[in-house]
Amino acid sequence: MHAIPKTHIKTVVSCPAVNSLGAVVKFFKRVRKIKDTIAWNDFINRAGDGAYETSRFQPNFPAIMVYSSGTAGASKGIQLTNDSINAAISEDDSGVYGFKRQDRYFAQVPIWFSTGIVVTMLVPLKYGVTVILEPIYDFEIFYKHIVKFKPNFMITANGLVDFLMTKRPVMPVVKEFKYLCIGGEYVSPSAEEKYNKWLKQNGNVYGLQKGYGMCECGGVVTNTNTSCNVAGSAGIPTPHVTVAAFDLENGEELKYGERGEIRVLTPCRMSGYFNKPEETAKRLHKDGEGNVWVCTGDMGYVEEDGNVYISGRISDSYVDERGKTIYLFDVERVILDVWQVRQCKAVVSEVGGKRVHVCHVVLDDGVDREGTLTQIKQHCAEALEEHCQPAWFKFHDDALPVAPSGKLDVASMRRDIGGIVG
């Protein structure tokens with residue numbers, strides 16, 4: 001990897017994501033030294049003494065190994081090469097983000113994922129941006145550090161932005177954001193409108209941005225910007241990236257507006273999974289022209305204007321007792337149409353001895369829960385087929401639980417059926 005200029009790195013907490021300061025202490029008590037590694041603070045201190053030499057560039061050399069989030073199965077080692085990392089860095093030469101030296105990037109995505117190590121750390125460092133590492137997904141700590149550091153750039157989850165909206169005062173903080181991006185989950189048009197209204201009221205002139213990506217693609221695949229930001233879309237492909245939808249049955253490329261598996265042609269992609277050639281072959285598909293596509297496993301479509309729309313994981317579905325396939329993301333979209341709903345995630349749980357989908361919902365503050373539930377059921381009855389109708393709901397007070405990966409904690413929601421209502 002090419003050398004990057006020296007800049008400031010502020011380490012807030014240098015440990016894997018945990019949920020409380022008490023857990024941080026417990027983590028450090030059980031941490032073990034890994035052979036042939038050095039501690040983060042030692043690495044930073046040695047850099048100040050000029051102890052490191054610029055490595056000679058080696059084409060297609062696996063420079064970094066990150067990990068998949070495990071959304072589609074067990075977590076796997078993802079090998080990123082010098083070439084793929086430099087390709088991701090060069091994507092930002094277009095000036096979409098408007099980086100300036102000494103801007104502040106709040107790097108909340110853990111650095112053991114591609115988006116974390118490449119997009120929110122190496123890319124801004126190359127442009128002389130101060131990077132603040134924040135791997136703890138704790139709402140109160142998140143708020144305190146946002147107020148303290150006043151970042152200009154951040155990629156985060158819906159729930160944390162929702163939490164920020166409940167805090168006062170936040171005006172000086174919100175005003176500083178040049179690029180506040182939400183990724184990893186669907187943002188409904190009504191939610192976008194709410195976020196943008198809040199940002200504008202607090203003096204922010206840039207608005208909410210969205211993006212889509214995955215570790216195997218080196219991080220970001222699509223994003224929005226101030227000149228192209230369509231409600232409901234995940235943005236347009238970044239420079240040098242091609243996105244298309246393919247038929248689930250025959251693998252043929254689909255036309256604009258037709259829904260299928262999203263596949264990505266990108267110079268930022270991984271070289272393969274570490275020691276897993278069979279898994280690599282499933283993920284990377286070479287077409288008749290020699291192009292290697294990343295098969296994302298996500299359902300979606302591409303419009304003629306270039307905007308990409310992501311429905312959800314193809315595997316985020318199940319077959320009910322009548323043999324009907326239910327795509328949970330279709331259920332979620334309908335529920336999110338109801339303006340009082342802030343978040344919704346449908347998961348499969350066992351209730352009364354049957355596998356059914358339970359919709360986990362967060363409502364806006366001060367909303368009548370019983371009345372909104374009736375409205376949700378009515379809207380589902382009109383918009384969904386009979387076999388897709390949700391039978392159970394679980395309401396959460398503040399936000400849906402977040403896993404250490406930064407994505408929604410689906411595993412915990414599957415187990416959490418206490419207090420569900422029909």
Side-chain angles (χ1 to χ4, degrees), residues 71-73 158 184-191 232-234 245-252 254-255 257-262 295-302 309-363 369-396 400-401 407-422:
T71 303
N158 299 31
E185 56 185 298
Y186 172 71
V187 184
S188 69
S190 60
S233 86
F246 289 77
D247 190 275
L248 296 180
E249 299 295 331
N250 58 33
E252 296 293 325
L254 298 171
K255 297 178 181 179
E258 294 182 342
R259 195 167 80 163
E261 182 188 28
I262 293 294
C295 303
T296 67
D298 289 325
M299 184 90 82
Y301 60 95
V302 182
Y309 295 80
I310 306 297
S311 301
R313 299 294 299 176
I314 296 173
S315 60
D316 194 13
S317 61
Y318 75 106
V319 178
D320 67 12
E321 57 186 8
R322 292 169 291 183
K324 298 280 189 177
T325 299
I326 299 173
Y327 289 106
L328 299 177
F329 44 77
D330 287 334
V331 178
E332 295 163 5
R333 297 294 190 273
V334 170
I335 293 176
L336 285 166
D337 284 340
V338 179
W339 69 266
Q340 297 97 324
V341 178
R342 182 190 301 168
Q343 285 183 285
C344 176
K345 182 63 181 176
V347 301
V348 179
S349 298
E350 186 169 310
V351 179
K354 294 183 179 180
R355 293 179 74 242
V356 296
H357 51 286
V358 178
C359 296
H360 292 250
V361 176
V362 177
L363 302 178
R369 180 173 294 183
E370 187 173 335
T372 303
L373 178 58
T374 299
Q375 188 174 342
I376 291 172
K377 290 180 177 179
Q378 291 175 346
H379 185 54
C380 286
E382 297 170 358
L384 292 171
E385 295 183 56
E386 190 274 332
H387 68 280
C388 295
Q389 298 295 322
W392 299 99
F393 296 85
K394 168 78 177 185
F395 288 96
H396 298 254
L400 296 181
K407 296 183 179 181
L408 293 179
D409 193 347
V410 175
S412 70
M413 284 189 276
R414 285 174 180 154
R415 298 188 298 267
D416 185 12
I417 59 173
I420 59 174
V421 295

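- Side-chain atoms of C359 and I335, non-hydrogen and from C-beta on, do get closer than 4.5 Å to each other.
- Side chains of V341 and L363 form a contact here, defined as non-hydrogen atoms less than 4.5 Å apart.
- Looking at residues two or more places apart in sequence or on another chain, you find no salt bridge (Lys or Arg N to Asp or Glu O under 4.0 Å) involving E249.
- Between atom CD of residue Q389 and atom CD1 of residue I326 there is a gap of 10.0 Å, rounded to the nearest 0.5 Å.
- In this structure, CD on E258 lies 12.5 Å from OH on Y301, to the nearest 0.5 angstrom.
- Shortest non-hydrogen contact noted between A383 and V334 is CB-CG1, 3.8 Å.
- Put simply, OG1 on T325 and CD1 on I314 are 12.0 Å apart, with the number rounded to the nearest 0.5 Å.
- Annotation: side chain to side chain contact (heavy atoms under 4.5 Å, CB included) contacts of S190 (sequence neighbours excluded): S188.
- Side chain of E261 to backbone of M299: no donor-acceptor contact under 3.5 angstrom is found.
- Nearest heavy atoms, G260 versus L248: C-CD2, 4.4 Å.
- Between R259 and L254 the shortest heavy-atom distance is O-CD1, 3.4 Å.
- Applying the salt bridge (charged side-chain N to carboxylate O under 4.0 Å, His left out) test to every pair with at least one member in residues 340-351, sequence neighbours left out, gives these pairs: D316-K345, E332-K345, R342-D364, R342-D365.
- Interatomic distance, CG of L373 versus CZ of F395, reported as 4.5 Å (0.5 Å rounding).
- Counting heavy atoms from C-beta on, the side chains of N158 and Y186 never come closer than 4.5 Å.
- Evaluation of the salt bridge (Lys or Arg N to Asp or Glu O under 4.0 Å) rule for R322 yields D320, E386 as partners, not counting sequence neighbours.
- Summarising the geometry, atom CD1 belonging to I420 is positioned 8.0 Å from atom NE2 belonging to H360; distances are rounded to the nearest 0.5 Å.
- Scored by the ring pair (Phe, Tyr, Trp, His ring centres under 6.0 Å) test, F329 finds Y327 as partners (sequence neighbours excluded).
- Side chain of Q343 to main chain of L400: a donor-acceptor pair is present (N/O by atom type, distance under 3.5 Å, no hydrogens or angles).
- At a threshold of 4.5 Å between non-hydrogen side-chain atoms, the residues I417 and W392 do not count as touching.
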Could you give me the CA-CA distance, side-chain angles and deciding distance for D416 and H396, then say whether side-chain contact (heavy atoms from CB on, under 4.5 Å) is met?
CA-CA 11 Å; D416 185 12; H396 298 254; 4.0 Å; yes

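- With sequence neighbours excluded, no residue forms a salt bridge (Lys or Arg N to Asp or Glu O under 4.0 Å) with R355.
- Across all non-hydrogen atoms, the minimal contact from P390 to L384 is CD-CD1, 4.2 Å.
- Taking both residues in full, the closest heavy atoms of C344 and L336 are given as N-CD2, 3.8 Å, listed atom of the first, atom of the second, then distance.
- We find the CG-OG distance between L328 and S315 to be 9.5 Å, quoted to the nearest 0.5 Å.
- Taking both residues in full, the closest heavy atoms of H387 and H357 are given as O-CE1, 4.4 Å, listed atom of the first, atom of the second, then distance.
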